[in-house]
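The analysis underlying the following values was restricted to heavy atoms, covering all of them including side chains, and did not include hydrogens, waters or symmetry mates. Counting convention: from 1, in listed order, for ligands and their atoms alike. Here the structure is a predicted model, which is why all the values come from computation and not from measurement.
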Amino acid sequence: MAGGSTTRDTVLVTGGAGFIGSNFILTWLQSTSSPIVNLDLLTYAGNPANLASLEHDPRYAFARGDICDPQLVAALLREHRPRAIVHFAAESHVDRSIVAPDAFIRTNIHGTFVLLEQAKLYWSSLSGPERAAFRFLHVSTDEVYGSLGAGDPAFCETTPYAPNSPYAASKAGSDHLARAYCHTWGLPVLTTNCSNNYGPFQFPEKLIPLMVLNALEGKPLPVYGDGKNVRDWLFVEDHCAAIRAVLERGQPGATYNIGGNSERANIDVVTAICDLVDEFCPRPAAASRRNLIAFVEDRLGHDRRYAIDAGKITRELGWTPAQPFEDGLRKTVRWYLDNATWVASVRTGAYRDWIAKNYADRLTL
Ligand code: NAD
Ligand code: TYD
């Protein structure tokens, strides 16, 4: 473990070396003096280089470990006495959950259970203002609500759960456990369900960074099915701002949907990426990267459309997304082009194995 923090203001973050967690920690420490302890196992998706700028920051401490380890979680809670836990740690990629669901059940369901149980014991030991102020913020996804048709209203907090992938089902299970710990024991849990994030530090197995890097390298751009599946996209820093708002002002026991008001069909996202890469790095023969688009065999059980009604968090907590999608996408493409060292550091042998496993045998349509 590096660094140290013992004040009552500390926040324990899980999964802080991943995409959203590292953006959360970086933006948190820009806007507040509260120390952060980051518990992360450093799976393939966790990268301490994301937080290299904090190496000498006394407000930041890192603990490498597993959220499924109750002794470790208890020891961290005893040592740091946090005022809150912000729980990001998860297996997060739908395609991997289709190939190998086991890790999703273990980390997302059992790991969340271990954290909730240890949080309950810790919170029960507090008294007075410390006990009243404690929060457990569980970061979840809109995918728990299932799939929408073209004309259906967007997901709101009362939409029934209907998860379709092993990833979504494991997150739904964790949401139900979080709810149960609040209902049964009064643990002050807040749950957020957010749409697709994009931005710096996203592991290049997800749509946007994968397409940026393939386009840059002149590789095929594998669009699943007819490319008309729709996702709502939110710039990661907007998600981080929403989590800060929920942590500070959210109602314990409540859930909040978070979205970007930016529904886009996958094919439109991919063509926009092609045009940005063409603009920043013109090809010598001036051939558009759009020529690289390849429609490939669909994802099993592929959800057609996600859309978020974020009216509750806007009305109750005053949060709205600040970054228009086209501006955020431009920034994101630029970030991947400017951070070749980071990109090289995450595209290890294990990464190449995953790409081969997911794409090599996929038929082109
Ligand atoms: P990510 O895959 O980039 O990062 C996950 C992090 O968790 C990694 O640093 C990994 O090392 C760590 N981790 C995994 N298993 C662990 C374990 N057993 N113990 C400790 N650490 C472990 O994920 P992300 O995209 O940053 O997502 C973070 C959270 O936000 C997840 O809970 C995800 O379900 C949720 N979410 C993500 C999105 C999105 O678009 N990426 C949207 C909505 C919600
Ligand atoms: P992804 O980034 O994996 O997020 P999620 O599945 O959680 O929404 O995928 C976003 C969309 O892009 C989804 O509809 C699947 C599609 N997709 C492709 O068409 N090709 C790809 O290579 C990937 C990774 C995703």
Trainee: Parallel, tilted or perpendicular: which one describes the rings of His302 and Tyr224, with boundaries at 30° and 60°?
Mentor: perpendicular

Trainee: List, for ligand 2, each N/O atom that has a protein N/O partner under 3.5 Å away, with both atom names and the distance.
Mentor:
from, atom 1, to, atom 2, distance (Å)
ligand 2, 2 (O), Leu207, N, 2.9
ligand 2, 3 (O), Arg299, NH2, 3.0
ligand 2, 4 (O), Asn196, ND2, 3.3
ligand 2, 6 (O), Arg299, NH1, 2.5
ligand 2, 6 (O), Arg299, NH2, 3.2
ligand 2, 7 (O), Glu143, OE2, 2.5
ligand 2, 8 (O), Asn196, ND2, 2.9
ligand 2, 8 (O), Arg231, NE, 2.7
ligand 2, 12 (O), Asn266, ND2, 3.4
ligand 2, 14 (O), Arg231, NH2, 3.2
ligand 2, 14 (O), Asn266, ND2, 2.9
ligand 2, 14 (O), His302, NE2, 2.7
ligand 2, 19 (O), Tyr224, N, 2.8
ligand 2, 20 (N), Pro222, O, 2.8
ligand 2, 22 (O), Pro222, O, 3.3
ligand 2, 22 (O), Tyr359, OH, 2.6

Trainee: Between the side chains of Arg231 and Tyr198, is a donor N or O closer than 3.5 angstrom to an acceptor N or O?
Mentor: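 No.
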
Trainee: Could you tell me whether Asp175 and Arg179 make a salt bridge, using a distance below 4.0 angstrom between a side-chain N and a carboxylate O?
Mentor: no

Trainee: Salt bridge between Asp40 and Arg64, side-chain N to carboxylate O under 4.0 Å?
Mentor: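 Looking at Arg64 together with Asp40, the answer is no, because their closest N to O distance does not fall below 4.0 Å.
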
Trainee: Answer yes or no: is there an ion pair linking Asp95 with Arg299, defined by an N-O contact shorter than 4.0 Å?
Mentor: yes

Trainee: Salt bridge or not between Glu263 and Arg305? Use side-chain N to carboxylate O under 4.0 Å.
Mentor: yes

Trainee: Is the charged tip of Arg96 near the ring of Phe104: under 6.0 Å from the six-membered ring centre and within 45° of its axis?
Mentor: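 No, Arg96 does not lie over the aromatic ring of Phe104.
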
Trainee: Using a 4.0 angstrom limit on heavy atoms, which residues are close to ligand 1?
Mentor: Gly15, Ala17, Gly18, Phe19, Ile20, Asp40, Leu41, Leu42, Thr43, Ala45, Gly46, Gly65, Asp66, Ile67, Phe88, Ala89, Ala90, Ser92, Thr107, Val139, Ser140, Thr141, Tyr167, Lys171, Cys194, Ser195, Asn196, Asn197

Trainee: Would Asp303 and Asn164 count as a side chain to side chain donor-acceptor pair (under 3.5 Å) here? Give the steps.
Mentor: CA-CA 7 Å; Asp303 283 341; Asn164 287 322; 2.7 Å; yes

Trainee: Look only at the side chain of Asp309 and the backbone of Ala154, and say whether a donor-acceptor pair between them is shorter than 3.5 Å.
Mentor: no

